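The structure under discussion appears below in the form of structure tokens.
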Amino acid sequence: MDFQIYVGIILFLIGTLGFVIRRNIIVCFMCIELMLNSVNLIFVTYSHQLKSAIGLMYAFIIMAVAAAEVAIGLAIIIMIHRLKNTVDMDQLNILKG
Amino acid sequence: MEQIPILSIVTFFPLIGVIILLMIDRENYGVQKGIAFIVTLINFFISLYVLYHFKEDTASMQFVESYPWIEKLGIYYFVGIDGISVLLFMLTTFLCPICILCSWTYIEKHVREFLIAMLFLEVGMLGAFIALDLFLFYIFWELMLIPMYFIIGVWGGKRRIYAAIKFVLYTLFGSVLMLIAILVLYFYVGSKTGVYTFNLLKLYETLAPYEVQVWLFAAFALSFAIKVPMFPLHTWLPDAHVEAPTAGSVILAGVLLKMGTYGFIRFAMGLFPHATQAATPLFVTLSIIGIIYGALVAMMQPDVKKLVAYSSVSHLGAVMLGLFSLNSQGIEGGIYQMLNHGLSTGALFIMIGMLYERRHTRLIEDFGGLTKAVPIFAVFFMIVTLSSIGLPGLNGFIGEFLIFMGAFKANKLWAVFAASSVILSAAYMLWMFQRVMFGPITKEENKNIKDLNLREISLMVPVILLFFVMGIFPNYFLNKMHTSVNSFIDRYNKSIAITTSQLEKQGIIKGGE
Amino acid sequence: MITTYISYIFSLLAIVFALSTIFQRNPVYSAASLIVVMIALAVNYLILNAEFIAAIQVIVYAGAIMVLFVFVVMLLNIKEVTKKSEQLSKGRLFGIILSVLFGIQLIVVALSAKTIITKGDILKYAGMDSTRIIGKVLFSDYLLPFEVVSIVLIVGIIGAVVLAKSKE
Amino acid sequence: MTELNINFWTIAPQIVLTIFGFLLMLIGSATRSKNFGNLHLIAVFGFLLALVANIYTMGNRQLGFSNMVMVDDLSTYFNIIFFISGIIVSFVSEGYIDGKIKHKGEYYALITFSVLGMTFISSSLDFIMLFLGLEIMSFSVYVLAGMFKKDIRSAESALKYFLLGSFSTAIFLLGIALLYGAFGTTNFAYMLQTYTKYFETEKSINLIAGSSLVLTGIIFKIAVVPFHMWTPDVYDGAPTSVTAFMATAVKASAFLMLIRVYLIGLRPLVFDVAGVIAILAIITMTVGNLSALPQKNIKRMLAYSSIAHAGYMLVGFVALNQISLSAIMFYLFSYVFMNVGAFTICSLFEKEGVGCELSDLSGKGFKHPFLGLMTVIFMFSMAGVPPTAGFIGKFYIFTGAIQSGYVSLAIIGVLNSAISAYYYLRVLVYMFFKDYEGGVSPNVLYPSTAIGLVLSAVGVLALGVIPGFLFNAATQAFTFLF
Amino acid sequence: MFNYIAAIPLFPAIGALINGILGTRFPKSLVHIIALTAIGSSFALSVKAFFQLLSLPPDQRIIEVTLYQWMASGDFSIDVAFLLDPLSAVMLLVVTGVGFLIHIYSTGYMHHDPSYSRFFTYLNLFVFAMLLLVMGNNFLMMFVGWEGVGLCSYLLIGFWFDDHANASAGKKAFVVNRVGDFGFILGMFMIFIIFGSLKYSDVFSRAESLLPYGGIMATAITLLLFVGATGKSAQIPLYVWLPDAMAGPTPVSALIHAATMVTAGVYMIARCNVLYSLAPFSLGVVATIGALTAIFAASMGLVQRDIKKVLAYSTISQLGYMFLGVGVAAYSAGVFHLMTHAFFKALLFLGAGSVIHAMGGEQDIMNMGGLRKHIPKTFLTFLIGTLAIAGTPGLAGFFSKDEILWQAFSSPHGHPLLWAVAAVAAGMTSFYMFRLTFLTFFGKERMDEHTKHHIHESPNSMVIPLMILAILSVLGGYVGVPEALGGSNHFHHFLDPIIKKVGKAEPHHYSHALEYGLMLTSVAIAVVGFILAYTMYIRRPDLPERLANNFQGLYKLLFNKYYVDEIYEFIFVKGCKNLGTLLWLKFDVPVIDGIVNGVGKVTMYLGENVRKIQTGYIQHYIVGILIGVVVVLGIFIF
């Protein structure tokens, strides 16, 4: 078993942790990227381990998807910033209850 | 022989009225009322065909129609009528035109919508009485809720919203559990016989074991007991009655409550005889408590409508007692009392509605000495009151008498407690009557109220006549029930015998003692 | 063996900078740390025989995407907010505990996981390097996903245009 | 597998939708200055064409693109749900977004793309296609949720949806990764084979963990408690037409994912999953209903109610028999009609930036009889009162549940539905029982909106009165399982 | 074939129907013509029926007319059918005869009443119901009549409903009667359970074989039926309604509350004599209650000031006699007294009515006096009535009362104590009746001038019935002169066929001498009563007051009718009302409805709290998701 699996899992955990503790939307978004990266790492590791090309496909496609995701995400962040002049998550709770 | 689908015609005929109403100018209230009235009246006359061609000598379902609806689940549009339901069916068609007449001036806003609601309500009620497919029955059962909800909520009194929601939620809570029970039964019987069906008559044939019956019966009974309403599930009734407009109260008391008792005899007791037997002590106790409790609470009500509402609790308690006597007197008395209660309490509500239209109050203390001002009203009111307290010669007596007799046959003590209602009902009704109609006129407003007009008289007369006919010639009505009720009792006894022997085999009950 | 050590080192690097990403007060530093993480991962990809992935990891991820991040951070001129509220820190604490629990679970899974299959479809392409394999597979079995990715990107573009466009 | 196995018929509807998506963008941008008002018709036309294509592919099961996609009855029927949702939403959108959204072309294009993503989900036979379909759908909806760019609520909704959605996607992906590690493949068909080969006796922990992570990703989309928390906020903030779309089509696709993944790919695990979902279903419907009870904002109330509805549908999944699964499909069908209808009503009474409060409806029912009637139909259907589709849907669900012996689940379900009647009926209370107090008059009723409403109402009633045909079709769709 | 017997009750029914629906439009003359025709025809037919019966040999004197099957259910079926036998024939004659006279009387008495037609409607209706009661051939028909007369009683007591007191009195009568009916109906059920039928012929013919002598069932049935009788016939403990019933118009008091309706209980026991004879314990109860009522009511009558109240208590007391009679199994004696009582009590009431009419509505005898000069005809007839009720030898009351006294002593079910009580009561009767007569017609004129000026003799329509009744009160007794006095006791022989001899008790054989002795004793007691009254109210008019002052406690007790009304009011009326209020306000609203609403409130409360989870903070939502993930994952992997 390749140890990169553990690395992937630790990175995923760090991403989760970051999402939980940070209030800056952009940083949280970065954490999501971190999580996607870690998943990529796991895919590639498994691909290596299983001698299977599918993991690589996933890594490739996830990257593309992540790119689109970043585009949309940053656009939303820009929109929020434009309306509220903040990227603090805690400021965003008009919708509740 | 191919026969005309008369039951469906009668049931869905009011929809024609709905369509016509939708096409009519919104403001043209008179024509709208006229159309609704004529439609319901014609419907009543059509329904007389059912009564006329009803065969008294057979216990099987008549005018049966059966079309597949959701075949995958064995759901059929399966309707029919027998001695238990035919009179309730007729009662419904009879009351509907009267209700429309009695709300002629009572309803002032959204007349067309009101009439549409009434017509829909009629469809729902008629459908529930003829449905022989459990699923179909449930559909109609719930369908009634919608128009009633609006009738109470839109055209009701001050606390109408509370009352309407309470009514619907209370009923819904009961009925959803019944739905589950229906499904459980469906699968149980299906797995036993291999035929998955909601057909009531087929379901009758397969008896669930005692442990299953008890739960299913509980679910059915809860639903019906809420509708009846049995003590202690009755509190929605006073609210609903007080807030509902006259026609709503009439239908509510006249027909909707009967759904509960009808449901008991047709479904809960018919399908689960053994559980019925086991539950009899409980239901009889509750019925008797209801009879006395309803009467006592009714006595002290300051609001006439509430008084009548609580009296319904008492009367329906008697009906339930009759049904649970499980002998022909009790059951026939129960069914007869359903009709009586429908007519006499309906008539009481109509009369109270007439008072309300004139005085815009229903508090007893606001009246007094009205007989002087409205003699014709007084006569009708007196007769209706007497019918309600079960005076011989009027309809109420026959039902009560048979019920008490049935109860007495089943258990003497039941009848002793239940028959005390003859005293209490006289006490609260006559006391109310005295305070409203007798004594000096103390309030200035009461002096000049108008007596009944022609419309009001003509809507009361058929009801009053029916009181007498039903009181003097009850056999015409009872004869229609005999065969069905007897076959019901036979089936019940046979089922009890079967399940008892099953249980004995399993060693749950020790036999031979 | 040396690759293993390199791999260890870069894995450690990735973890450290990942932590740095989430603990940096300044978002720009976070972004920079994330770039390091990505590059470290790219090295790991190389070691895992995924050269092509490693390449686009650097080009697309570390290059394009992260630049976009930094660009937005700069554009918005974001400063870290320092105000804290009591209620939230409780929630966060709970969140931290949960993520740690989640991590423990995942690690337990990874520890006790056994790989049963060892002969994947890659054997069909014996002798090819991973880039070729990717090419082969991408235009045969993974043709449809590959094409569909284009729609994902289109949606991304539309989204970015529609949302971020400031003046109508 | 050197030979390419391409079967374009399997993606015929997708092709149609893609074309129309681009077409809408083009026409939209070309006509932006002219305020072209018929884009929704183009969208509807697109959906109709796709529907035709979809029906054309109906029939035998077909595989395509190296087993990436599988077209069977299940996918085609679910596609119909998506298309109908798309059609009705397009109809009702025009009146709502007119004047509020400049990017109308993009709006409809995004809806089209979103439906496209759903169709990929429905016909996917591989996690990669499922994932891509999910992402197409999600990204489109993220953007759609934020389409009211001036409205902070819309923006907040989009952000919440986006962040939480991405987070759950990441978890979903991790799950796929673990599954990949266990199976060496992500194709449902091969996974099944592998399973029977290796895991019959002992389940790998990878497999279990992967499947549960995938599950969390899916039930996030379904909005199962405790994954539901985004739902009310997002539904509340998003443009109402989008909310309608989210609550119906997106939810349907999430259920489809559940079915696809756990009844095909991870079928051996389905009973374990169902056990967990049973608990979650109870919590979901209860929490959904309880939270909906005190809501004064109709949109939010409907959002919570959609959580509750998801709970009922999960009961169908738990029961796992032909009836209950068909019931889910039927329910989703009827849910499209009634929920889009309900949200449309809500949108008509909406004040900009505030939403639709219950008190805004006071006495409006009689003032605007058409809307009143529609509300009655939709609300009773939501509450599950016959003769509406909502009732039949619940009936089927609980029938299925009882067939599998989940009587207690069914009881909790029906009791919940009785609770839910309270808040649905409260809408009618305000509309009909309260007196008219003037107040804001409803937004202009566009003919297209009216058409959409009538379509929904007819759907609700038709499915309520003659549910047999659809139910038969639904059972047909699930025959492959039994 | 339609038998004319069925027409007997039908005529009044038709009369009531016509007057009821159209009466208000008719002139008064037409109204009473209709009413009188109706009852007159009934009377004529009754006479015809009576003679038809007489023409038959004694053991075949039963005519049954079945109209139709009324109701049937399971093994229960009942017909609308009439029975004509000696007992019902006697009752028919009394009811239609006295009723007819009272109808005539009413045309005068009620002439100025605006609700003239209503009055006659009710009267006709009453006669109809009463005829159903006496003519039915089964218990249910009897019960129908039983309730029907109760209704008419209610309507007529509350005839002047403007005054709440009247309406209350009517209501009280109805409700108290219903208490009795409650027992009656249970008795009927029990009969049905045992005999499977409610038809007299079925029941009585099989009674001896189905009910063991003195058995619990027989006792239960008869006691339950007797509960009904205590209600209808105003016996202890249900007599309380009758004094209040005097609120109705006087002809009503005469017809319903003296002559006919209240005797229904006696009729019923006479009708069920077989059953009662099988239940000696019940007979004992009946006799004891009868005797107690007789003395109890008489004692209350001693001090009443309202002319009608005195008569009312007298009625109760006399009814007590009748029950004493039937209670010692001397059924024909009871019925005999019933008949004679009908004559003289109707006479007394109508006379009282005439007095009231003359006094312009005044009813307090303390405000009367010396009226004999003003209204001589009334005085004369009233005096005859008084003499008759006091048991003056030769008048009707003497024969019937003495027969009862003798039977109370001599019957196998009798007891000397019963005789003694009844004899004392007879003395009291004599006292208060003469007191009444003296206070009304003799002594000073205590009314005010205005009233005095208006005093006038009643019109002929009122006086003629008085006279006829007076004649009947004198002669009515001669149909049943006991053998001891050399009569042949036709009445008893006439009734014999319906009275079955059952049971083992052999009648004692006493000598005629004893009978004479007792007769003389009772006459002597009556004379004592007379002398006392004479002393107190003619010779020493100040005596009553002094006595009242000296025995204030006793006087107050008597004057307030032993406070029975108050006790009943407190226990039953207040009790029910308080219970009702308690159940409503302390149980129904807070507990039952409270639970219902509480469920709603709790649900809402939960909802309010559950929604608080929804804080709006993204990170809380993440926490939610993480909880879910951890839990789901945990469930799966552990």
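Because the structure is a prediction, the values reported are computed rather than measured. Below, read A as the first sequence line, B as the second, and so on, with proteins coming before strands; counting in each chain starts at 1.
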Counting only heavy atoms not in E:Ile567 (residues, nucleotides, ligands), do more than 12 fall under 6.0 Å from its CD1? yes
pair D:Leu269-E:Phe636: side-chain heavy atoms closer than 4.5 Å: no
So CD1 of E:Ile618 and OH of D:Tyr161: to nearest 0.5 Å the spacing works out to 14.5 Å
Of all the heavy-atom pairs spanning E:Leu633 and D:Ser212, show the shortest one and how long it is. CD1-OG, 2.9 Å
Could you look at D:Val224 and say if it's the side chain, the backbone, both or neither that has a heavy atom under 4.5 Å from chain E? neither
Heavy atom to heavy atom, less than 4.5 Å: which residues from residues 411-419 of chain D reach chain E? D:Ile419
Pick one of side chain, backbone, both or neither for E:Leu626, based on which atoms fall under 4.5 Å of a heavy atom in chain D. side chain
Interchain contact, E:Ile635 with chain D, by part (heavy-atom threshold 4.5 Å): side chain
Note: E:Gly616 and D:Asp233 closest approach over all heavy atoms is CA-OD2, 3.7 Å
Distance, nearest 0.5 Å, that separates OG1 of D:Thr231 from CD of E:Gln614: 7.5 Å
To the nearest 0.5 Å, tell me how far E:Ile625 CD1 sits from D:Phe167 CZ. 6.5 Å
Cut-off 4.5 Å, heavy atoms of chain E, and the answer for D:Leu215 is side chain
Pairwise distance CZ(E:Arg611) to CD(D:Gln295) - rounded to 0.5 angstrom: 4.5 Å
With a 4.5 Å heavy-atom cut-off (strictly below), which parts of residues 282-294 of chain D touch chain E? List them by number. D:Val287, D:Leu290, D:Ser291, D:Leu293, D:Pro294
Heavy-atom pairs under 4.5 Å with chain D: which of E:Val631, E:Ile622, E:Leu606, E:Ile627 has the most? E:Ile622
